[in-house]
Enquirer: 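Take a look at the following structure, please.
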Amino acid sequence: MTIDFYYASWSPPCRTVKLVASILNVKLNPIVTTPREGDTQKPEYKQLTPQHTIPTIVDDGFVLSESRAICKYLVEKYGSATGPYSKEQLYPKDIQKRATIDHRIDFDLGALYRRASDYFSPVFAVGHYGTAALPKLKSALEILDAYLAKTKWVAGPEVTLADIVIVVTISCLEIVGYDLTSYPNVLRWFKAARTTLPNYNEANHKGTVEFKEYLFSKLLDN
């Protein structure tokens, strides 16, 4: 049985789910759902998920939204017991390793991705970047750079779910030309992540190009 996947290809949270599913070899049934065309406001979609956001999955009747929750669910349910990118590597049972991964994912949600979103979101509403968000965005990038000064990957010596989540955030900044040269550890890690993570180009990079094109079209409109 495949999993219904309500998504938009340009959306960073949707790309996170797509990348995790691709790495796990989980088959998704993609259902294009475009907020700006009112798809998430339709009564049937609100009935499916009162939060009426994307991404949302339906797995044999089980409905789940919020990309980070979806990613953890997919790893726990469908992750391989052995081999590269196993469940134990991506989201291990060891309480301290898992706590570190959860911390980095929460850091992305509450600081890094949030500030990047605060920077990008005004473009869609008023046609210009949210420059007021820059100081906190720079601070979040400095913190990420400090973590990566100590470890090869975001949460330790191996690729984990935290890398998959955060690489999508950084890819949004990189694709639009945001200057990352002040964060050498982030740049080193980002280069490794995009060349190491399986199916990265198909699952994430193509969507970042769409994100850039849509963003730039709004800048040009204003």
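We number each residue from 1, following the sequence as shown. The model shown is predicted, which means the values in this text are computed figures rather than measured ones.
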Enquirer: Using every non-hydrogen atom in the two residues, find where Pro92 and Lys97 come nearest and quote the distance to one decimal.
Expert: CG-CB, 3.7 Å
Enquirer: Holding to side chain to side chain contact (heavy atoms under 4.5 Å, CB included), I want the full list of residues that pass it with Thr53, two or more places apart in sequence or in another chain.
Expert: Gln51, Ser65
Enquirer: Report the hydrophobic cluster partners of Ile95, with the cluster defined as I, L, V, M, F, W, Y residues connected by side-chain heavy atoms closer than 4.5 angstrom, directly or transitively.
Expert: none
Enquirer: Is there side-chain contact between Phe190 and Ser171, with heavy atoms separated by less than 4.5 Å?
Expert: yes
Enquirer: Looking at side-chain heavy atoms only, is the closest gap between Thr33 and Thr40 below 4.5 Å?
Expert: yes
Enquirer: Compare all side-chain heavy atoms of Asp39 with those of Ile54 and state whether any distance is below 4.5 angstrom.
Expert: no
Enquirer: Check ring pair (Phe, Tyr, Trp, His ring centres under 6.0 Å) between Tyr183 and all other residues, then give those that pass, not counting sequence neighbours.
Expert: none
Enquirer: One thing to verify: whether Asp118 and Lys136 come together as a salt bridge, which I'm taking to mean a side-chain N less than 4.0 angstrom from a carboxylate O.
Expert: no
Enquirer: Do other residues, nucleotides or ligands put more than 12 heavy atoms under 6.0 Å from the CD atom of Glu44?
Expert: yes
Enquirer: Do Asn185 and Tyr147 come close enough that some side-chain heavy atom pair is under 4.5 Å?
Expert: no
Enquirer: Is the shortest heavy-atom distance from the side chain of Trp153 to the side chain of Thr160 under 4.5 Å?
Expert: no
Enquirer: Mark yes or no for whether Thr34, through its side chain, and Arg36, through its backbone, hold a donor-acceptor pair below 3.5 Å.
Expert: no
Enquirer: Will you find, in the side chains of Thr56 and Tyr45, an N or O donor that is under 3.5 Å from an N or O acceptor?
Expert: yes
Enquirer: Run Arg98 and Glu88 through salt bridge (charged side-chain N to carboxylate O under 4.0 Å, His left out) and show every step you take.
Expert: CA-CA 10 Å; Arg98 179 169 286 203; Glu88 183 58 25; over 6 Å; no
Enquirer: Mind checking the OG1-CG spacing from Thr16 to Asn204? Nearest 0.5 Å is all I need.
Expert: 7.0 Å
Enquirer: Under 30°, 30 to 60°, or over 60°: which ring-plane class applies to Phe62 and Tyr73, parallel, tilted or perpendicular?
Expert: tilted
Enquirer: Using a 4.5 Å cut-off on heavy atoms from C-beta on, say whether the side chain of Leu112 contacts that of Phe107.
Expert: yes
Enquirer: State whether the number of non-hydrogen atoms from other residues, nucleotides or ligands found under 6.0 Å of Gln96 atom CD is greater than 12.
Expert: no
Enquirer: Would you please name every residue forming a side chain to side chain contact (heavy atoms under 4.5 Å, CB included) with Asn199, sequence neighbours left out?
Expert: Ser22
Enquirer: Is Val168 linked to Leu28 within one hydrophobic cluster, defined over Ile, Leu, Val, Met, Phe, Trp and Tyr using a side-chain heavy-atom separation of less than 4.5 Å?
Expert: yes
Enquirer: Find out if a path of hydrophobic residues (ILVMFWY) with successive side-chain heavy-atom gaps under 4.5 Å connects Leu134 to Val123.
Expert: yes
Enquirer: Do the ring planes of Trp10 and Tyr214 sit parallel (below 30°), tilted (30 to 60°) or perpendicular (above 60°)?
Expert: tilted
Enquirer: Could you check whether any side-chain heavy atom of Trp189 comes within less than 4.5 Å of a side-chain heavy atom of Thr196, counting everything from C-beta outward?
Expert: no
Enquirer: Between Leu137 and Arg115, which heavy-atom pair has the shortest distance, and what is it?
Expert: CA-CB, 3.6 Å
Enquirer: Could you work out the complete set of other residues in the hydrophobic cluster of Tyr113, with links drawn between I, L, V, M, F, W and Y side chains under 4.5 Å apart?
Expert: none
Enquirer: Taking all non-hydrogen atoms of both residues into account, name the closest pair between Asp102 and Lys72 and its distance.
Expert: OD1-NZ, 3.1 Å
Enquirer: Please check if the side chain of Lys152 supplies one atom and the backbone of Pro157 the other of a donor-acceptor pair under 3.5 Å.
Expert: no
Enquirer: Would you say Leu109 ends up clustered with Leu64 if hydrophobic residues are merged whenever their side chains have heavy atoms under 4.5 Å apart, either directly or through other cluster members?
Expert: no
Enquirer: Look at Glu142 together with Lys138 and state whether they make a salt bridge at an N to O cut-off of under 4.0 Å.
Expert: no
Enquirer: Do Ile164 and Cys71 pass the side-chain contact (heavy atoms from CB on, under 4.5 Å) test, and can you show the C-alpha distance, the side-chain angles, and the key distance before you say yes or no?
Expert: CA-CA 9 Å; Ile164 303 170; Cys71 291; over 6 Å; no
Enquirer: What closest approach, in Å, do Ser9 and Glu210 show between heavy atoms, and which atom pair accounts for it?
Expert: OG-OE1, 2.5 Å
Enquirer: Please walk me through it: do Val154 and Val165 pass side-chain contact (heavy atoms from CB on, under 4.5 Å)?
Expert: CA-CA 10 Å; Val154 168; Val165 170; over 6 Å; no
Enquirer: For the hydrophobic clusters of this structure (ILVMFWY residues joined by side-chain heavy atoms under 4.5 Å, transitively), does one cluster hold both Val20 and Val63?
Expert: no
Enquirer: Side chain to side chain contact (heavy atoms under 4.5 Å, CB included) with Lys212: which residues, sequence neighbours excluded?
Expert: Ile175, Val176, Phe216
Enquirer: Might you point out which heavy atoms bring Glu202 and Lys18 nearest each other, and give the distance in Å?
Expert: O-NZ, 3.8 Å
Enquirer: So with a 6.0 Å cut-off around NZ of Lys77, is the heavy-atom count from everything else above 12?
Expert: yes
Enquirer: Would you please test Leu141 and Ile170 for side-chain contact (heavy atoms from CB on, under 4.5 Å) and show each step?
Expert: CA-CA 9 Å; Leu141 286 165; Ile170 297 300; 3.8 Å; yes
Enquirer: Which residue, Ile70, Asp59, Val17, Asn29, forms the side-chain contact (heavy atoms from CB on, under 4.5 Å) with Phe5?
Expert: Val17
Enquirer: With heavy-atom distances below 4.5 Å as the criterion, would you say the side chains of Val32 and Tyr7 are in contact?
Expert: yes
Enquirer: For Ala155 and Ala162, work out which heavy atoms get closest and say how close.
Expert: CB-CB, 4.3 Å
Enquirer: Could you tell me whether a side-chain N or O of Gln89 sits under 3.5 Å from a main-chain N or O of Pro84, the two making a donor and an acceptor?
Expert: no
Enquirer: Are any side-chain N or O atoms of Thr49 and backbone N or O atoms of Lys46, one a donor and one an acceptor, separated by less than 3.5 Å?
Expert: no
Enquirer: For the atom pair CG (Asn25) and OH (Tyr78), what is the distance rounded to the nearest 0.5 Å?
Expert: 13.5 Å
Enquirer: For residues Leu180 and Phe120: do they belong to one hydrophobic cluster (side chain heavy atoms under 4.5 Å, members Ile, Leu, Val, Met, Phe, Trp, Tyr)?
Expert: yes
Enquirer: Output yes when a side-chain donor or acceptor of Arg194 lies under 3.5 Å from a complementary backbone atom of His205, and no otherwise.
Expert: no
